[in-house]
4 protein chains.
Amino acid sequence: MTGPATPVRDTMRASVLVRPRELEIQERPVPVPGPGEVLVRVGSVGICGSDTHFYMDGRLGRFVVEEPIVLGHECGGTIVGVGEGVAAERVGERVAIEPQRLDFTGELAREGYYNLDPSVEFFAAPPIDGAFQEYVTVPHFFAHPVPDSLDDDAAALIEPLSVALHAVRKARVTGGSRVLVAGAGPIGIMLTQVSRAFGATEVIVSDIDASRRERALTLGATDVVDATGDVASLGLGVDVFIDASGATPAVVSGINNVRPEGHVVLVGLGATEMPLPVVDIMNSEITLTGVYRYRNTWPAAIALAADGRITVDRFVTARFGLDQVAEAFEASTRPDSLKVVVRPGE
Amino acid sequence: MTGPATPVRDTMRASVLVRPRELEIQERPVPVPGPGEVLVRVGSVGICGSDTHFYMDGRLGRFVVEEPIVLGHECGGTIVGVGEGVAAERVGERVAIEPQRLDFTGELAREGYYNLDPSVEFFAAPPIDGAFQEYVTVPHFFAHPVPDSLDDDAAALIEPLSVALHAVRKARVTGGSRVLVAGAGPIGIMLTQVSRAFGATEVIVSDIDASRRERALTLGATDVVDATGDVASLGLGVDVFIDASGATPAVVSGINNVRPEGHVVLVGLGATEMPLPVVDIMNSEITLTGVYRYRNTWPAAIALAADGRITVDRFVTARFGLDQVAEAFEASTRPDSLKVVVRPGE
Amino acid sequence: MTGPATPVRDTMRASVLVRPRELEIQERPVPVPGPGEVLVRVGSVGICGSDTHFYMDGRLGRFVVEEPIVLGHECGGTIVGVGEGVAAERVGERVAIEPQRLDFTGELAREGYYNLDPSVEFFAAPPIDGAFQEYVTVPHFFAHPVPDSLDDDAAALIEPLSVALHAVRKARVTGGSRVLVAGAGPIGIMLTQVSRAFGATEVIVSDIDASRRERALTLGATDVVDATGDVASLGLGVDVFIDASGATPAVVSGINNVRPEGHVVLVGLGATEMPLPVVDIMNSEITLTGVYRYRNTWPAAIALAADGRITVDRFVTARFGLDQVAEAFEASTRPDSLKVVVRPGE
Amino acid sequence: MTGPATPVRDTMRASVLVRPRELEIQERPVPVPGPGEVLVRVGSVGICGSDTHFYMDGRLGRFVVEEPIVLGHECGGTIVGVGEGVAAERVGERVAIEPQRLDFTGELAREGYYNLDPSVEFFAAPPIDGAFQEYVTVPHFFAHPVPDSLDDDAAALIEPLSVALHAVRKARVTGGSRVLVAGAGPIGIMLTQVSRAFGATEVIVSDIDASRRERALTLGATDVVDATGDVASLGLGVDVFIDASGATPAVVSGINNVRPEGHVVLVGLGATEMPLPVVDIMNSEITLTGVYRYRNTWPAAIALAADGRITVDRFVTARFGLDQVAEAFEASTRPDSLKVVVRPGE
């Protein structure tokens, strides 16, 4: 490791999930960046629904917490050290972290689908540690520079923004698109703003909660729909439906509102199987797909946020220190919460 | 109407379905081609599963037989008259018929999705009459010329071949693709041959019937799978899965055999809703869609058949006259039947 | 024709080009809308470069003015009558006109490429009359409704906006794209704004004229480049280059600034042949194409303009009456002109 | 290195180009496979036009031979050793070599465009040595297994086949496509056969030489055109034109034979700049691109060759030993030569 601008200590504080709902601060060695890696002092880490699942239940889908783990994978910070082969000039650079490592020589990665490559080791996906700690290492090309107009919270939010960006790309949202988004949580709002940034002239957001619908209208939605009503019969005929709710009725009624040759993208995790209206899909030749994280999204996401098209600063509803991660999880589940961040250095 | 090369009589015989399972021969006026239309003497008409549904049950999906109807929509023949604005030289031309009329100025048609335009009037979709009669009229551009190497039976089979072609295009089958087809009936075999024609180097066909699997191997399948077994666990990792069975278990297990970023296309009609493995679709970013008939397929389908890549001549397992349509329906339901045709002129 | 809300006179005034640079006002019969057509009272007509070519030189490309012709094809107005088969309720509707007629049953139209269909009869493309007159007829589906937030000038400008929209779609501009546009005239500025509307975070405009570059910066460009300098060596590495200049050096240097796998779209008409750097195109696998008018653009263009993403109201730099078409042409060639409109009713 | 099945000697023979047209056999150390690499005993190496350029002129495009170099990059053989991290079971495997090394973590590689990544080190592109020697090393995933139905010559020919496959993919050849190929040399014939394998029902080959045209007809062309005639006026209206000639007149006349919305792909290297008919490209909205080597082609190319769709065995017109590389170059320039191979072990 060469050239740290800031003296890096030998040990650091990490918030470790030792068992469901039980966190403890541990003093751990500061990680050492390997060849091609950078060491990042973590400025801000957003809490994602998957973190909450691991915190509450110790599992999510095929991932199970079997030993103590550091959660958190939405992460912005500053490079404070570099490994072999990385330019020392990068020390001091403010970055948004794409939180994973992988072998890019696998078949899927070579085809450009690196997010689907089985070699991926993802932050906070057991047993890989995440970012609720003072320092992390990451491959140099996954530490994406951010302009100073984006603070560390904004840099952290590039991660959920990337989820939305990947989904909006898959949905083929473009200038003049009419879009329906189910779910007015952070990802639903990100999808709304990204859809608008891609040229959608109408983005209708459905949610079961009136105050969340209200908030969606202030954050980019052109219209809202009460998801407790008869959405299936609205006949919106949108070009694109993106589900961020994971709720089976929302997915089914959403599909019913898509025009012929339209696109459906599933983002929200819900039931493993859903009864889908296949004859409607066939008769209208609707294309349905889903997303798994993201690929090649950071530069565009950063540019869109820096351009002011995504109001990343308006997503953070609460901030906590590393000692308060439990409170942060608590806060993140409140109905009026949009995005809660943990700031390890404070 | 100008210039018929063959004297056309005033009346003709038509096989009319007066109620489910009851057909009668009626003497009807020979239709007169309107402006831009041609009059075709029907040489051969294939029996499709949808015809059988109407014959047996009087309905299929949203279409219900409410008054007497002429079935049959897979149709080849010879132009014997032309309407206003159509070159008289076309009389005598042998053609494969794209069996529909529509207003091409609608929004979906203008976008190139004419098969999805609500204005479509389709042969043998109630209340529109089909082709189990001696003559039909059709827009001139939907009477597609066929070379003499394709006889009238082959010309009729361009219609089901078009269904397969449209599906294979949507499935993005290309050189080197590995494909799984569920269902070894006529459409499944057409899908197999079209996939091979598009460059698939492997086409695995699943079916519950051993003799149909055996036949598939002689008609283009590179391998077969017993659909009564545990298909879901085979782990084929194909690029493309096309369902021609309409069977929910086949669809679900088919999806489980698709590689990341692969494509699924639904062709076979089955349950209105199916419980689909959405998390698998998301985790592998699989794209699923379905087809509704076809668009812009005839010229390519005719060229592929003429090129010998689709062995259309090997699909016809029985031929019947217009008086024998009931027997033809009967024959078409036999397990060893592949494609039964009615030849109105014989 | 049924139900005109406004009394329509029998004759109207038309500005007719009788020979190059010689216009005269003629009193002509008000056209009668045919079946499926509407009669539109023309509110505003923009002057396009092609009109100017016909006015000045009597020709453009393969089109030659051989008899007197009414120019003008960028046209907004109000429906005042309808032909057979069109709902009388449309009378009174304010519309933007897609200025053409065609037979949608041709092969290219059926495939969705209606702009390339040889049957197109286009306003003001000799020998078809255009819109520098008080009334025009057009197929009902090509009279696209506009909201009242867009005035007639704005409605007229949907036509050049459509050119830009079609080009930006072909160029695959999307969220985060970096775009280079050559030429800061009206189409270049439209391309800039449409690119921004599609999510481009950087749109660099090149032009040889400093004041035009200055204006581009106030109308959406994020940066400008002096086209008289060494553009080829800038190494911009943009995702997309769109040429609106028609200048060979601009096209060549633009291509040199495109990143591998990037897209080039030619919009500006210039030399019939251009010496293009084919080895660079090959080595970087750049995709180059061009556009011919537009297809399926009006609804999206209207939505984008109504959404405020395209500042159509800021394009009009001068307005003239039907008696002043010569002055209008004169004005349109001034360097500080962006878009000049003729208002036949004033 | 672990587990060679065959005793590998310490030194090997290599045919080294010491200056243009001067080759000498040198005894060199057998290369040692690095981590993730395999050692391959070279069975057959095809001679490519680029090798000939380096042999004759010492340069090709931006690549210049400045020090002695081993040419040859079309290579098949057998794995005889493996580096760290590669399964020893691979020893003995017969393989076709994708002749390059690169850093897959670069931006272009991560996007799936690894062939365009600046980090590529390509066999026989100065200063990187190629395969006219007894042994080479290559990353394990670039040593693609071939079935025994393909001999070493066939394995070597997977490389030029990959060039054709990449081009045919870019050209969007599919079932029913009509294709024009300019140039009846080995790449032109490969393009012809691959186009047929992808479903093209018509592949017209143009060439200036009658005997080459004749041969093309025996190797997959459905028709031929004399390139010395007036090709531009043929009005073929093909869907796809692929140039394998590098001749400017062929490229220009080829473009003139493409239908609206058709595709043009440049494969043959010729002039740096070509005068292209840009107005025709615009009026017909033709898409033009070019190819630089290939990406992700080997598995599909091997499957197509093994499937018998590409008659790789019919391409080899002469075989030479390592001592006869000069004679091999000589032979490869004869008009009746299609593909000449060097077999280092014989």
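Within every chain, numbering begins at 1; the chains are lettered A, B, ... in the order of the sequence lines, protein sequences first and strands thereafter.
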Participant: Can you find a heavy atom in the side chain of Leu165(B) that is under 4.5 Å from one in the side chain of Phe198(B)?
Facilitator: yes

Participant: To the closest 0.5 Å, what do you measure between CG (Leu150(C)) and CD1 (Ile310(C))?
Facilitator: 11.0 Å

Participant: Once you round to the nearest 0.5 Å, how far does CD1 of Ile158(B) lie from CD1 of Ile302(B)?
Facilitator: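 One gets 5.5 Å once the value is rounded to the nearest 0.5 Å.
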
Participant: For chain B against chain C, give me the donor-acceptor pairs closer than 3.5 Å, one per line with atom names and distance.
Facilitator:
{"residue": "Arg110(C)", "atom": "O", "partner": "Asn296(B)", "partner atom": "ND2", "Å": "3.4"}
{"residue": "Asn296(C)", "atom": "ND2", "partner": "Arg110(B)", "partner atom": "O", "Å": "3.3"}

Participant: Calculate, to the nearest 0.5 Å, the distance between atoms CZ and CD1 belonging to Phe123(C) and Ile128(C) respectively.
Facilitator: 9.5 Å

Participant: With a 4.5 Å limit on heavy-atom distance, are the side chains of Val32(B) and Val30(B) in contact?
Facilitator: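 When only atoms from C-beta onward are counted, Val30(B) and Val32(B) do not touch, as no gap falls below 4.5 Å.
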
Participant: Below 4.5 Å, heavy-atom pairs only: which of Ala109(B), Gly36(B), Gly112(B) has the largest tally toward chain C?
Facilitator: Gly112(B)

Participant: Name all residues meeting the ring-ring contact (aromatic ring centres under 6.0 Å, His included) criterion together with Phe141(B); count only those two or more places apart in sequence or in a different chain, and write none if there are none.
Facilitator: Phe104(B)

